[in-house]
Colleague: 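Quick one: the structure is below, and I'll ask about it shortly.
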Amino acid sequence: MKKHGALRVIYLVLIIIFLYAPIFTLMVLSFNEGKSMGKWTGFSLRWYASMFSDEEIMEALGNTVFIALVSALVSTVIGTAVCIALPRMNKKIRDAFLALNNIPLLNADIVTGLSLMLAFVAFGVSLSMGTVILSHITFCIPYVILSVRPRVKQLGNTGYEAALDLGATPGQALFKVILPEIRPGITAGFLMAFTMSVDDFIVTHFTRGAGVNTLSTLIYGQVRIGIRPTVYALSTIVFVTVLIVLVLANVFQGKGARARQGKRI
Amino acid sequence: MNKKALSAPYVIWIIGGTLIPLALMLYYGLTDGEGSFTLSNILAIGEPGHLKALLTALLLAAVSTLICFLLAFPIAVLLRRVKRAKGLIIFLFLLPMWMNFLLRTMAWQVLLEKGGVINSIISWLGFEKLRLINTPGAVIMGMVYDFLPFMLLPINNAVSKIALSTTEAAYDLGASEMQVVFKVVLPLSVPGIVSGITMVFVPALTTFVISNMLGGGKIYLIGNIIEQEFTVGDNWNLGAGLSIVMMVFILISMLFIAKFDKDVEEDLAI
Amino acid sequence: MGKALIELKNITKSYDGVTVLDDFNLTVNENEFITLLGPSGCGKTTTLRIIGGFEKPDEGRVFFEGQDITELPPNKRNLNTVFQKYALFPHMNIEENIAFGLKISKKSKDYIRDKIDYALKLVNLDGFGKRSIDSLSGGQQQRIAIARAIVNEPKLLLLDEPLGALDLKLRQEMQYELIRLKNELGITFIYVTHDQEEALTMSDKVVVMNQGYIQQMGTPENIYNEPENAFVATFIGDSNIVPGTMVKDRLVNILGADFPCVDEGFGENKPVDVVIRPEDVIFRAPGEGRIDGEVSHIIFKGMHYEMEAMAGGFEWLIQGTKPYEVGEKISIDVDPFNIQIMNKPESEDEEAIKFDE
């Protein structure tokens with residue numbers, strides 16, 4: 001038993017090393033004085049300095065955040081609205097909606113990206129940041145539905161009916177009961193959509209206009225001509241940001257759950 | 001009415017963002033440059049270069065999916081028994097998933113490069129440098145690294161849903177630890193495994209980024225061919241035709257998931 | 001009885017081609033405690049939802065105090081519902097839940113405050129106002145659901161199996177609580193349940209439903225003692241339903257033996273069904289009763305023994321306080337007023353309705 005226990009821990013630790021070694025390598029290299037990928041020549045913050053003064057990187061960073069915010073916002077509104085409407089729909093239509101929802105989710109990004117590009121070209125829409133945002137909304141909506149729908153399902157129809165029964169109009173029932181009840185799902189959906197948008201490369205690659213760069217497309221471009229150490233600094237910043245955001249999200253979630261439990265007798 | 005107003009934007013988006021684009025993909029794939037019907041773009045998959053790219057993609061995707069499963073299933077089984085700080089440990093395993101996909105792939109390039117970290121260590125130890133990058137192995141490594149969380153997430157969700165009393169009952173009936181894993185936990189997590197397989201296999205099959213970054217332009221997958229036809233090659237009809245062929249494989253895996261698992265939503269819950 | 005509060009006239013409702021209510025008529029008077037009782041799928045919940053306004057009937061009209069409210073949405077109806085699973089709003093505390101309807105109708109702060117205090121006292125949860133919903137037990141949540149409904153001073157309270165999720169002990173307590181509330185508030189209750197004991201305990205009037213039809217309507221005593229058909233007889237308590245022949249008024253032949261009874265007007269030599277409750281079957285010494293037989297099973301049930309006996313080729317179910325040996329010879333007798341005669345179903349269709357559960 002004891003021996004097995006040790007083996008288990010070793011296995012899990014090895015996987016953790018596998019998962020984090022590449023990321024930590026980048027982090028270490030970002031503080032390296034020299035340009036080499038393999039040789040440590042001394043500690044320096046110069047790559048961070050040159051990253052922050054690199055207009056291209058800063059612009060790509062701004063674009064990434066802007067695109068992610070807009071598409072997460074729009075997809076959250078659209079996805080939440082349809083989730084609320086779903087339980088009041090006839091079963092056949094609902095099943096059809098959900099099946100359609102799975103298409104962008106399970107389809108390959110390359111097909112999603114290329115087919116959207118074909119559509120933009122066919123309708124004479126010239127590729128720009130706008131087309132990137134429209135495309136991101138398309139693949140973000142399913143993720144919003146994914147996180148909002150379980151909440152709506154869990155709420156059932158009775159919350160809505162109870163509100164009507166107590167004299168609320170359908171509008172009042174929506175804003176006073178349904179939306180507050182499913183808020184955690186909406187928040188999660190928004191975050192999910194935001195992350196998916198930030199993380200996307202393939203769809204952006206095919207639907208962006210000339211000169212429009214996000215972090216992903218910028219890195220892809222650099223990889224072809226040779227990676228500059230500024231990108232290591234960038235990835236360190238990205239990783240640390242992701243870490244902080246996720247830890248905060250978890251802490252807040254935990255706090256909320258504990259606060260609710262605290263009231264328990 | 002109310003519900004119609006609420007679902008209208010979604011309907012518009014599904015039609016405009018999913019159905020029309022896919023229809024256009026079909027149109028391009030089934031026509032030539034002048035717009036008349038042809039099957040040649042589809043049949044072009046039979047050309048040696050294309051066929052080789054498709055077969056390579058299928059092979060590499062299958063191998064990396066298998067490796068992901070072999071790595072992820074034991075993790076899920078072991079995580080189930082973790083008692084302290086379970087949330088934190090699961091968080092540790094899924095965290096890399098949130099990191100930008102290109103940065104993760106780039107990290108492997110840095111590790112595997114001729115003058116990269118691994119080779120530096122090897123030569124520091126006094127051995128001959130190895131050719132690591134631009135090999136099928138490097139591409140598989142990248143696929144496994146990038147997609148492992150997508151295998152782990154659904155399997156872990158399925159495994160953690162198995163009630164403790166279910167496995168305890170198996171022990172009680174005389175099953176050994178291994179028997180419990182293979183006769184109880186494994187069959188009960190099939191829906192999660194199936195989603196995991198699809199979620200790794202489809203992106204691995206269709207990738208062009210990983211093969212480009214870690215294959216150094218030497219390893220051509222079907223995704224690379226399609227990307228090139230649309231960007232450099234400028235033969236959109238051919239690219240669309242090959243995409244349709246690729247979609248057939250995606251469709252097969254979608255049907256596969258539908259057969260075993262009705263609830264995609266639960267599998268992807270984080 | 002008071003005047004009619006709710007009238008359902010010729011209500012028909014079907015879902016996906018399955019008829020749930022068929023030309024259904026029901027009148028509920030003011031200040032009544034009426035229970036709709038029946039197996040699942042009998043249409044009782046649909047009836048309640050039509051009254052509440054959550055479903056529209058395919059045909060027929062609903063009247064509230066003489067006004068046609070068929071098209072009125074739920075939020076415009078002067079009645080409230082206590083839902084099966086409480087349907088409390090988890091993002092609000094107890095006070096906010098209770099105040100919801102009052103805030104919607106823009107009552108003054110002081111009025112709402114008074115109402116909350118009054119309602120919490122009424123349901124014995126004084127001082128719980130600031131607690132969160134998930135800190136409450138099932139029984140407490142149910143009381144809050146009732147409080148939330150009654151602060152709006154509805155004329156009619158609809159209760160959809162409100163005790164279904166509670167355990168037996170709590171259910172019995174809540175039954176008394178509901179009777180007390182109804183008497184204190186003086187409003188009409190329409191209660192839906194599949195639990196016959198609940199229905200018999202609380203109601204002024206019980207409506208037994210099956211397959212979208214009313215099988216029988218009456219006081220609990222009436223329903224229990226004089227079931228009008230085999231469905232009601234089997235659904236309410238245990239019964240022996242024995243085929244017999246009405247020889248003439250006040251005399252019925254059961255399995256070859258004549259039994260005096262109190263029923264009249266069935267005609268002469270007409271085949272009938274006879275209902276005899278297990279506790280009404282009397283064991284006598286062999287030869288001294290009307291049908292001889294022998295005891296085949298006995299189980300101790302705490303308050304009584306449950307026995308089975310073969311007599312006249314029929315297996316009788318009997319409840320008694322005195323134990324008998326298995327195999328013991330006995331003779332069966334029934335007092336005339338404990339014999340309930342029912343007409344045999346006339347068509348096969350009717351039979352199907354009555355026996356298909």
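In what follows, every chain begins at residue 1, and chains take the letters A, B, ... in the order their sequences are listed.
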Colleague: If you take all heavy atoms of B/M25 and A/V111, which pair is closest and at what distance?
Modeller: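 For B/M25 and A/V111, the tightest heavy-atom pair comes out as CE-O, 4.0 Å.
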Colleague: In terms of heavy-atom contacts, does CZ of B/F91 have more than 12 from other residues, nucleotides or ligands at under 6.0 Å?
Modeller: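 It does: B/F91 CZ has more than 12 such atoms within range.
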Colleague: Mind checking whether B/M141 and A/F18 have side chains closer than 4.5 Å, heavy atoms only?
Modeller: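 SC-SC contact between B/M141 and A/F18 confirmed.
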Colleague: What part of B/I89 gets within 4.5 angstrom of chain A, counting heavy atoms only: side chain, backbone, both, or neither?
Modeller: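 Neither; nothing under 4.5 Å.
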Colleague: Pick from A/I137, A/T112, A/I23: which one has the most heavy-atom pairs with chain B under 4.5 Å?
Modeller: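 With the most close heavy-atom pairs to chain B, the winner is A/I137.
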Colleague: Would you compute the distance between atom CG of B/L95 and atom CG of A/L19 and round it to the nearest 0.5 angstrom?
Modeller: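 Result: 9.5 Å between the selected atoms.
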Colleague: When heavy-atom pairs shorter than 4.5 Å are enumerated against chain A, which of B/V77, B/I12, B/V117 gives the highest number?
Modeller: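 Looking at each of B/V77, B/I12, B/V117 in turn, B/V117 comes out on top.
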Colleague: Can you say whether A/L100 sits under 4.5 Å from chain B via the side chain, the backbone, both, or neither, judging by heavy atoms?
Modeller: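 Contact with chain B is through both the backbone and side chain of A/L100.
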Colleague: Measure distances from B/N212 to the heavy atoms of chain A and classify the residue's part below 4.5 Å as side chain, backbone, both or neither.
Modeller: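 Contact with chain A is through the side chain of B/N212 alone.
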Colleague: Between A/L134 and chain B, which part of the residue has a heavy atom less than 4.5 Å away: side chain, backbone, both or neither?
Modeller: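 Both the backbone and the side chain of A/L134 come within 4.5 Å of chain B.
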Colleague: Measure the shortest side-chain to side-chain distance between A/I219 and B/L103 over non-hydrogen atoms and say whether it is less than 4.5 angstrom.
Modeller: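 Sidechains of B/L103 and A/I219: in contact.
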Colleague: Let me know if A/N107 has heavy atoms under 4.5 Å from chain B in its side chain, its backbone, both or neither.
Modeller: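 Both backbone and side chain.
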Colleague: When heavy-atom pairs shorter than 4.5 Å are enumerated against chain B, which of A/P142, A/A122, A/S115 gives the highest number?
Modeller: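 Top count of heavy-atom pairs under 4.5 Å with chain B: A/S115.
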Colleague: Does a side-chain heavy-atom distance below 4.5 Å link B/R81 with A/R8?
Modeller: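 Touching, per the 4.5 Å side-chain cut-off.
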Colleague: Hey, mind stepping through A/L191 and B/W98 against side-chain contact (heavy atoms from CB on, under 4.5 Å) and telling me if it holds?
Modeller: CA-CA 11 Å; A/L191 287 177; B/W98 301 95; over 6 Å; no
Colleague: Could you measure the distance from the CZ atom of A/R94 to the OG atom of B/S7? Nearest 0.5 Å is fine.
Modeller: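 Those atoms lie 12.5 Å apart.
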Colleague: Could you give the distance from CD1 (A/I15) to CG (B/L92), rounded to the nearest 0.5 Å?
Modeller: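 One finds 13.0 Å between CD1 of A/I15 and CG of B/L92.
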Colleague: Once you round to the nearest 0.5 Å, how far does CG of B/L111 lie from CG of A/L29?
Modeller: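 CG of A/L29 is found 8.5 Å from CG of B/L111.
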Colleague: At a heavy-atom separation under 4.5 Å, does A/M117 approach chain B through its side chain, its backbone, both, or neither?
Modeller: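 Contact with chain B is through the side chain of A/M117 alone.
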Colleague: Does B/N100 form a side chain to side chain donor-acceptor pair (under 3.5 Å) with A/S216? I'd like the steps, not just the answer.
Modeller: CA-CA 8 Å; B/N100 188 294; A/S216 296; 3.1 Å; yes
Colleague: Heavy-atom pairs under 4.5 Å with chain B - which of A/A21, A/S135, A/A119, A/G113 has more of them than the others?
Modeller: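 Sorted descending by pairs with chain B, the first entry is A/A119.
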Colleague: Please look at B/W124 and chain A and tell me whether the side chain, the backbone, both or neither of the residue comes under 4.5 angstrom of a heavy atom of that chain.
Modeller: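 It is neither, since no heavy atom gets under 4.5 Å.
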Colleague: Side chain, backbone, both or neither: which part of B/P9 has an atom under 4.5 Å from a heavy atom of chain A?
Modeller: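 Its backbone and side chain both get close to chain A.
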Colleague: Test side-chain contact (heavy atoms from CB on, under 4.5 Å) on A/F123 and B/I20 and set out the steps.
Modeller: CA-CA 11 Å; A/F123 290 99; B/I20 292 179; 3.8 Å; yes
Colleague: Could you tell me whether the side chain of A/I202 reaches within less than 4.5 Å of the side chain of B/F208, counting heavy atoms only?
Modeller: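 In contact.
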Colleague: Which region of A/S235, side chain (C-beta onward) or backbone (N, CA, C, O), has a non-hydrogen atom less than 4.5 Å from a non-hydrogen atom of chain B, or is it both or neither?
Modeller: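 The answer is both parts of A/S235.
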Colleague: Counting only N and O atoms by type, is there a donor-acceptor contact under 3.5 Å from the side chain of A/Y11 to the main-chain atoms of B/L71?
Modeller: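 A pair under 3.5 Å: yes.
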Colleague: Could you tell me if the ring centre of A/F201 sits under 6.0 Å from that of B/F101?
Modeller: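 When the ring centroids of A/F201 and B/F101 are compared, they turn out to be at least 6.0 Å apart.
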Colleague: Can you check side-chain contact (heavy atoms from CB on, under 4.5 Å) on A/Q222 and B/M106, steps first, answer last?
Modeller: CA-CA 10 Å; A/Q222 286 215 356; B/M106 185 190 76; over 6 Å; no
Colleague: Is the closest side-chain heavy-atom distance between B/R104 and A/D199 below 4.5 Å?
Modeller: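 Contact flag for B/R104/A/D199 side chains = yes.
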Colleague: Can you tell me which of B/L78, B/N119, B/L24 forms the most heavy-atom pairs within a distance under 4.5 Å of chain A?
Modeller: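 Going by pairs under 4.5 Å, I would pick B/L78.
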Colleague: Answer with side chain, backbone, both or neither: which region of A/V28 has an atom nearer than 4.5 Å to a non-hydrogen atom of chain B?
Modeller: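 Contact with chain B is absent: no heavy atom of A/V28 under 4.5 Å.
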Colleague: Take A/L106 and B/V202 through the test side-chain contact (heavy atoms from CB on, under 4.5 Å) and record every step on the way to the result.
Modeller: CA-CA 8 Å; A/L106 298 176; B/V202 171; over 6 Å; no
Colleague: Could you look at B/V11 and say if it's the side chain, the backbone, both or neither that has a heavy atom under 4.5 Å from chain A?
Modeller: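 Contact with chain A: side chain only.
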Colleague: Sort B/Y145 into side chain, backbone, both or neither according to what part of it lies under 4.5 angstrom from a heavy atom of chain A.
Modeller: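 Both backbone and side chain of B/Y145 come within 4.5 Å of chain A.
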Colleague: Any side-chain heavy-atom pair from B/L102 and A/T217 closer than 4.5 angstrom?
Modeller: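 No, every pair of side-chain atoms sits at 4.5 Å or beyond.
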Colleague: For the pair B/Y10 and A/F97, name the ring-plane relationship: parallel under 30°, tilted 30 to 60°, perpendicular over 60°.
Modeller: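 Taking A/F97 first and then B/Y10, their aromatic rings sit tilted (interplane angle of 30° to 60°).
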Colleague: Non-hydrogen atoms of chain B under 4.5 Å away: do they reach the side chain of A/I141, the backbone, both or neither?
Modeller: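 Answer is side chain: those atoms of A/I141 sit under 4.5 Å from chain B.
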Colleague: Please state whether the side chain, the backbone, both or neither of A/A108 comes within less than 4.5 Å of a heavy atom of chain B.
Modeller: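 Contact with chain B: backbone and side chain both.
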Colleague: Just give me the residue among A/I78, A/L243, A/L118, A/V242 that pairs up with chain B most often, heavy atom to heavy atom, under 4.5 Å.
Modeller: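 Ranked by contacts with chain B, first place is A/L118.
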Colleague: Considering only heavy atoms, which portion of B/M247 lies under 4.5 Å from any heavy atom of chain A: side chain, backbone, both, or neither?
Modeller: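 Contact with chain A: side chain only.
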Colleague: Measure B/P74 against the heavy atoms of chain A and call it side chain, backbone, both or neither at under 4.5 Å.
Modeller: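 Backbone plus side chain of B/P74, per the 4.5 Å heavy-atom cut-off to chain A.
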Colleague: At a 4.5 Å cut-off on heavy atoms, which part of B/L88 comes close to chain A: side chain, backbone, both, or neither?
Modeller: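 Contact with chain A involves no heavy atom of B/L88 at all.
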Colleague: What are the two closest non-hydrogen atoms of A/T138 and B/G17, and how far apart are they?
Modeller: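 For A/T138 and B/G17, the tightest heavy-atom pair comes out as CG2-O, 3.5 Å.
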Colleague: Contact part of B/I250 toward chain A, heavy-atom cut-off under 4.5 Å: side chain, backbone, both or neither?
Modeller: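 Side chain only.
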Colleague: Can you tell which part of A/I110 gets under 4.5 Å to a heavy atom of chain B, answering side chain, backbone, both or neither?
Modeller: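 Answer is side chain: those atoms of A/I110 sit under 4.5 Å from chain B.
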